Amino acid sequence: MASENETLPKAYEPAQVESRWYTFWKESGFFAAHDESDKPPFSIAIPPPNITGSLHMGHAVFVTLQDVLTRWKRMSGYNALWLPGTDHAGIATQMLVERDLMEKEGKSRHDIGREAFVERVWAWKRKYGGRITEQFQQLGASLDWARERFTLDEEFNRAVREAFVRLWEEGLIYRANRLINWCPKDRTALSDLEVDHDEGAQGELFEFAYPLAEGEGEIVVATTRPETMLGDTAVAVHPDDERYRHLIGKEVRHPFTGERIPIVADSILVDPSFGTGAVKITPAHDFNDFEVGKRHGLEMRNILNPDGTLNEAAGPFAGMDRFEARKAVKEKLAELGLARGTKPHVLALARCQRCGTVVEPYLSSQWFVKIAPLAKPAIEAVEKGDTVFVPETWTNTYMAWMRDIHDWCISRQLWWGHRIPAWYCPDGHITVARETPESCSTCGARELRQDEDVLDTWFSSGLWPFATLGWPEKTKALETFYPTSVLETGYDIIFFWVARMMMMGLHFMGQVPFRTVYLHAMVRDEKGDKMSKTKGNVIDPLDVTEKYGADALRFTLAAMTAQGRDIKLSLERVAGYKAFANKIWNAARFALLHMDQVDMSRAPEPEKWSDADRWIVTRYHRAVADTVAALQAFKFNEATSRVYQFLWHEFCDWYIELVKPRLYDGTPEEKATSARVLRDVLEGSLRLLHPFMPFVTEEIWQKLPRAKDDPPSIMIAPYPTPDPDRLEDAEADRFDTLVEWVQAIRSLRVDLSVPEGAEVEVFFDADEETTAWLASRVGWLRRLAKVKRAAPRAEGWPEKVPSGFVRGIDFRIPLEGVVNREELVAKLRKEEEKLAAELEKIQGRLSNERFLARAPADVVAKDRALSEEMGARLAKVRENLAMLGEGEG
RNA sequence: AGGCCCGUAGCUCAGUUGGUAGAGCACCACCUUGACACGGUGGGGGUCACUGGUUCGAGUCCAGCCGGGCCUACCA
């Protein structure tokens, strides 16, 4: 087996190992969670990606973080379930297939009809719908594929119908004729959330006059949408406005139709200081005006067709597009001498989130969820702490929205989605049922017509955490895994998804859907812009994994996931972590050269450890403790940096160098003992790193010697736990003195221009106890600092040479001349300055009586020690300067 | 309009309860030593945006201010 190492390539090639291991894990069933298990449950339901999606960095972030959590918990002895699935994504998918249909056959969906179109979407889904989840596999996602779900599959359909019917029966779903946001291009209603407000659009405020119906005079109003005047059914003024008070109750004449329109007083809507203080009222096309209309019993006159053209109510303007009509109305008003000028005006244009079209408030019959009764428990659950947000600042965002929530328009005039389970009889009675009914529940009529609309995609997504586990059946899976442990998602869908799941979960399950909501930051492009499908600025993570490996990408994303800050992805960083994987690979190559010394049938023998063995074991346990603590707190960046720091800078930089003398020149027993420590620490580190870098860790782990009863894969091996007895070890810490001394000798060698390969002698001076401790350990210096002999002061003390000072050790290297005297003097001067300044600060503090009186004793003691230490170092620096003839005497 | 976040080394960013400013990359010098040049060793580099306040002590808490970003909101 040891000879295998000779064939290991010097550089790690991720592409060659990654897919191989994924297949192995999947086929071995390691991803599977169990409905019945003695282990405690841990569950995450994946945020189901749209079937239209292809992998982008946003996915890569959540896949990474959720996989890190799942692998960590699975290794930590949990029955860990990470449940995969996809979302049918109503509008997005329909649009995509429509475009495809138009491009390939030149037909619209109306040309082929509903049934054929829906079948076509299914065909598209069967062909491409699995693409996104396959891409997740390339990132190493340890999802339980046997449980994969789709929001439109048969079981999910049943859950959606069940939820709808129950809410209807409870009076929490109703149908109403109301103003909703309407996208004229997609020809569907939208919820408030699906409308983006395009801040700062430059528009204009057009003013025109309504002539009074009786007598002379006019009233001037202002609007950003002049065409809506075709639907005006009132003019409103403030009741206290002196300018208009005498006109309240009078009428104006509509300039196009001659109709008489009332002037009403409305203190809620009208701000007398804005514009002319008079407001035209279009109840059917403006949310404010709609309220005014209700307050004053005004006619709601709809002037628009579903496609955004004007309808017959617009008279001569009928058939025009709304923007065309806007121009025409302005011209007509100008013709009649009623235009009163325009002013530039900045407004927030409401646009369809999907297609960017300017949406219109539109009066139509839609289905709504009465949301307040659902929101109340969802607010209370967070107040009680049943669900916790991390970072907790998002609690405010959630609460603010929930407390000011509006009823949710859930019907969409689409074909792709869950068709609303409601039927109408010829008399217009509504029958809502789980299965297609035979007859009207009110009048018994047998001619029934199902509602044409489908449900908002987010309605089904809201059921995700329990519908995926079998609800409405009372399944074992539900019992075991609900509530889920963690919801991990982006903060951009707190309202769309998190809030809806909270409400639905509490309502239907009586329990919160998840205990913790971890909200990760957004990945942005190099300019800091949000990546989105519509903008087309997505970076393909697969390109990155191909070049650097999935491990490197995962580690990067985890390392950059600091709570609350967005990620601006840097490929240099990814390259850096590829180097990290390579570093570990090579550390393993080194270890494997010595694994023939290891006998796994024997227990480790701490009593035979060297100082270095003991030191690295302590360091290892501290790294484990810190990493686990970071994971528990969802501090992914801290976890990664701790593992990185340990493996690279403690294990590779120090321990591997420290262990070499024993491995090369030790007794057989020493070789065996230290090779075992080398193996054990490396093996443990791999398990520690595994959730972040699953592939390279498995590749190496499989090559290391293992005990007979070890599991067949690192991914089901136990996660490291810190040994409390190893965390505090004064003996191990004392070894740091030696480490720092090595560094100081190296530094002095550079200052003295000692050639890299040359061995030197070192004389040292310290207190008696330290001297004795060091004297028995100077052997470490040979290899690490190229010191052929290190002797205490008693055996020699060279004068007129620069000296070094560290941790109470004073040491000198006897050398004839200093080559780079200028540089050394400059460096010493700088150090002197720095030390003097620092010392002054500390001494200032120590001479401040208030500091001495009020600061905690340990802080004062620390300062005293520091002051002493710095004083000694400063004296040393000055001594060196004096020796070089630069001192002040 | 309201709310939230950010401004720390050339770049990207860490900095838990206030107690001598850190990492990665980049940069400089030296080194192909028997795991690794995707490497090793040693270095340089910051008045923590700004102004006040609280405190023995503030990158860290408070107030204000400048700059950047995000989210909610029906101002015609």
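Lettering follows sequence order; numbering is per chain, from 1. Only a predicted model underlies this, so the values are computations on that prediction, with no experimental measurement involved.
Rounded to whole Å, the distance from CD on A:E204 to P on B:A76 is 13 Å. Put simply, CH2 on A:W401 is 16 Å from P on B:C71, counting in whole angstrom units. Atom CZ of A:F496 is separated from atom C1' of B:U72 by 12 Å (rounded to the nearest Å). Summarising the geometry, the separation between CG on A:L592 and P on B:C36 is reported as 13 Å, rounded to the nearest angstrom. Rounded to a whole Å, the NE2 atom of A:H649 is 13 Å from the C1' atom of B:U41. Between A:Y398 atom OH and B:C70 atom P there is a gap of 26 Å when expressed in whole angstrom units. Atom pair A:R850:CZ and B:G57:P shows a separation of 6 Å (rounding to whole Å applied). Following rounding to the nearest Å, A:F274 (CZ) and B:C75 (P) show an atom-to-atom distance of 10 Å.
For A:K862 and B:U20, the shortest distance from a side-chain N or O to OP1 or OP2 is below 4.0 Å. Residue A:Y577 places no side-chain N or O under 4.0 Å from the OP1 or OP2 atom of B:A23. Between A:K10 and B:A37 there is a side-chain polar atom (N or O) within less than 4.0 angstrom of OP1 or OP2. At B:G24, none of the side-chain N or O atoms of A:K578 fall inside 4.0 Å of OP1 or OP2 (strictly under the cut-off). Neither OP1 nor OP2 of B:G40 sits under 4.0 Å from any side-chain N or O of A:W654. Phosphate contact (OP1/OP2 of B:C25, side-chain N/O of A:S570, threshold under 4.0 Å): absent. Phosphate proximity of B:G24 to A:R573: absent, as no side-chain N or O sits under 4.0 Å from OP1 or OP2. Under 4.0 angstrom from either OP1 or OP2 of B:C70 there lies no side-chain N or O belonging to A:H197. The phosphate of B:G40 (OP1 or OP2) has a side-chain N or O of A:K583 nearer than 4.0 angstrom.
Atom C1' of B:G45 sits at a distance of 15 Å from the matching atom of B:A23, rounded to the whole Å. With C1' as the reference atom, B:A9 and B:G46 are 5 Å apart, rounded to whole Å. Nucleotides B:G57 and B:U41 place their C1' atoms 38 Å apart, quoted to the nearest Å. Comparing the C1' positions of B:A1 and B:G18 gives a spacing of 36 Å, expressed to the nearest Å. For the C1' atoms, the distance linking B:G19 with B:A26 amounts to 33 Å, nearest Å. The gap from the P atom of B:C71 to that of B:G10 amounts to 31 Å, rounded to the nearest Å. If you take atom P in B:G7 and the same atom in B:G59, they sit 15 Å apart, rounded to whole Å. Rounded to whole Å, the C1' atom of B:A63 lies 44 Å from the corresponding atom of B:C28.
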**Q.** Residue pair A:F389, A:W394: steps toward the ring pair (Phe, Tyr, Trp, His ring centres under 6.0 Å) verdict
**A.** CA-CA 6 Å; A:F389 284 83; A:W394 293 111; 8.7 Å; no
Q | Test side-chain contact (heavy atoms from CB on, under 4.5 Å) applied to A:L571 and A:Y548, step by step | A | CA-CA 9 Å; A:L571 288 180; A:Y548 303 99; 4.3 Å; yes
Q: I would like to know whether A:F634 and A:H520 meet ring pair (Phe, Tyr, Trp, His ring centres under 6.0 Å); could you show each step before the answer?
A: CA-CA 10 Å; A:F634 297 96; A:H520 65 248; over 10 Å; no
Q. Does the side-chain contact (heavy atoms from CB on, under 4.5 Å) test come out yes or no for A:V498 and A:Y491, once each step is laid out?
A. CA-CA 9 Å; A:V498 180; A:Y491 60 74; over 6 Å; no
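Within 4.0 Å (heavy atoms only), A:D271 reaches at least one base atom of the nucleic acid. No contact: A:H406 has no heavy atom under 4.0 Å from any strand. Note on A:E657: a base of the nucleic acid sits closer than 4.0 angstrom, heavy atoms only. Among the protein residues, A:K660 comes within range of the nucleic acid bases, having at least one heavy atom under 4.0 Å from a base atom. Among the heavy atoms of the strands, none lies under 4.0 Å from A:P755. If you check every strand for non-hydrogen atoms under 4.0 Å, A:I842 touches nothing. Backbone-only contact: A:K830 has heavy atoms under 4.0 Å from sugar-phosphate atoms and none from a base. Heavy atoms of A:D653 sit under 4.0 angstrom from primed sugar atoms or phosphate atoms, though from no base atom. If you check every strand for non-hydrogen atoms under 4.0 Å, A:A855 touches a base. Residue contacts shown for A:T397 are absent, as no nucleic acid heavy atom lies under 4.0 Å away. Residue contacts for A:L269: at a heavy-atom cut-off of 4.0 Å it reaches a base atom on one of the strands shown.
Across the interface with RNA chain B, nearest-nucleotide mapping of A:M560 and A:Y664 shows A:M560 to be the residue nearer the 5′ end. Nearest-nucleotide mapping onto RNA chain B: of A:K280 and A:I656, the residue sitting toward the 5' end is A:I656.
Counting heavy atoms from C-beta outward, A:V17 and A:Y12 have side chains that approach closer than 4.5 Å. Between A:L678 and A:L682 the shortest side-chain heavy-atom distance does not fall below 4.5 Å.
Minimum interatomic distance between A:K578 and A:A552 (heavy atoms only, all atoms of both residues): N-CB, 3.7 Å. Contact between A:I371 and A:D407 at its shortest, heavy atoms only, is N-OD1, 3.1 Å.
Nucleotide B:A1 is matched to B:U72 when pairs are restricted to Watson-Crick or G-U wobble geometry with both distances under 3.5 angstrom. Look at B:A23: its Watson-Crick or wobble partner, with both distances under 3.5 angstrom, is B:U12. Base pairing annotation: B:G18 forms no Watson-Crick or G-U wobble pair, as no partner gives both donor-acceptor distances under 3.5 Å. Pairing of B:G67, defined by two Watson-Crick or G-U wobble distances under 3.5 Å, is identified with B:C6.
Set against B:U20, B:A35, B:C4, the side chain of A:T393 has B:C4 as its closest nucleotide. When distances are taken from the side chain of A:H345 to each of B:G42, B:A76, B:U12, the shortest belongs to B:A76. Nearest to the side-chain atoms of A:L593 among the listed nucleotides B:A35, B:C25, B:G42 stands B:A35. Among the nucleotides B:C38, B:U72, B:A76, the one closest to the side chain of A:A11 is B:C38. Comparing B:A35, B:C5, B:G34 against the side chain of A:A587 picks out B:A35 as the nearest. Nearest to the side-chain atoms of A:P856 among the listed nucleotides B:G42, B:A76, B:G19 stands B:G19. In the set B:A35, B:G42, B:U20, the nucleotide with an atom closest to the side chain of A:K841 is B:U20.
Residue-to-nucleotide contacts include no donor-acceptor pair under 3.5 Å from the side chain of A:E638 to the base of B:A23.
No more than 12 heavy atoms of other residues, nucleotides or ligands shown are found within 6.0 angstrom of CD on A:E840.
Contact check on A:E831 versus A:K834 returns no salt bridge, with no Lys/Arg side-chain nitrogen under 4.0 Å from an Asp/Glu carboxylate oxygen.
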